[in-house]
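The structure appears below as structure tokens.
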There are 2 protein chains.
Amino acid sequence: MANRTLSGPCRAWPSESAFIREVLDRIGDKWTMLVISTLGGEPLRYSDLLASIPGISQRMLTVTLKALERDGLLTRTAFPEVPPRVVYELTDLGRSLLDAVLSMASWAATHYEDVAASRAAHERSGVGREKAHGASPRPTGSAVTS
Amino acid sequence: MANRTLSGPCRAWPSESAFIREVLDRIGDKWTMLVISTLGGEPLRYSDLLASIPGISQRMLTVTLKALERDGLLTRTAFPEVPPRVVYELTDLGRSLLDAVLSMASWAATHYEDVAASRAAHERSGVGREKAHGASPRPTGSAVTS
DNA sequence: CGGTATCCTTGTGGATACTG
DNA sequence: CAGTATCCACAAGGATACCG
């Protein structure tokens, strides 16, 4: 589980933007989270990762893996055989992040439909059209929740 | 709090890539997490957000807020006063995501130094040089952990 | 098998100016 | 105050070809 150090009351501190920026710049790209979560179960080799992550290109897999290795989130182990075999595995640090990633995935799995519904609703009441929410009589000074 | 539905044993299922892709495409951009975490404490108005999130442009704040509103993660309430006042507030759905975001921030705060250290180490032993890790006694067919 | 190298398209987002 | 509109730069990333 992720440490719960700072989630006492549900209150976010403003000055921590820097940390969020940091983590975002590292794992907020298109593939990093996917690689981490795929590697979460067990060590995998290059070709396995390539196959397990639909849509990723060789280039991006390599780039992502190198970045993660540099940051100490995974290890790359090459066996000098022929044909070559290379295994990637999360470090403890990597696994600690995995927990946060799974927290995200969990949220996505749970609330996916809610988001989809909201999107659909916004499309219906639509682009350019005024949102036809049932007859709010607009008393003086009433706020408009768009 | 994030539901912990799928974080039993620390094992990631492969087929959930789709969900991670979803959540990533939504909140993986440069500002979304920052806006959510900034809005986590209390409702804020446009100008507050602009001031609280260092480096964000008007354009990106507007774009991000609209996307979040569409997805039902926050509400926009405009008070028809002069000068205009608009307040943004997380919905319950948004707050549920906030928890996962804080989980990320927590990880960043806790492990930031580890990552920085690893990066520094890779720069030192660096680009082109072999990593001189102290004598791990490799058995026959020794794998190379780069 | 496990990558690199190169090229080139695209999306993201910054700067700036203007509006209700 | 709270946006919109327009233009543009840059880098992320896909396609393809090749290498040890």
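All chains are named by letter (A, B, ...) in the order of the sequence lines, taking the proteins before the strands, and each is independently numbered beginning at 1.
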4.5 Å side-chain heavy-atom contact, A:Arg26 and A:Val23: no

Which residue lies more 5' along DNA chain D, comparing B:Pro84 with A:Pro84 via nearest heavy atoms: B:Pro84

Presence of A:Arg85 side-chain N/O under 4.0 Å of C:dG2 phosphate oxygens OP1/OP2: no

Heavy-atom closest contact (B:Pro84 atom, B:Arg45 atom, distance): O-NH2, 3.7 Å

Length of the line joining A:Leu65:CG and C:dG3:C1', which is rounded to integer Å: 11 Å

Any B:Leu49 side-chain heavy atom under 4.5 Å of B:Tyr46 side chain: no

B/S/- contact track for nucleotides 11-18 of chain C, protein heavy atom under 4.0 Å: --BBB-B-

Heavy-atom contact window of chain A on DNA chain D, given 5' to 3' at under 4.0 Å: D:dG13 to D:dG20

Pair A:Asp99 + A:Arg95: basic N to acidic O under 4.0 Å: no

Side-chain donor-acceptor contact under 3.5 Å, A:Thr77 with A:Tyr88: no

Contact summary for A:Pro80 and B:Ala143, nearest pair of heavy atoms: CD-CA, 4.1 Å

Gap between atoms CG and C1', on A:Leu49 and C:dG2 respectively (whole Å): 12 Å

Test applied, side chain to side chain contact (heavy atoms under 4.5 Å, CB included); reference residue, B:Pro43; option that passes from B:Val87, B:Leu74, B:Thr75, B:Leu90: B:Val87

Pairwise distance CG(B:Asp29) to NZ(A:Lys30) - rounded to 0.5 angstrom: 13.5 Å

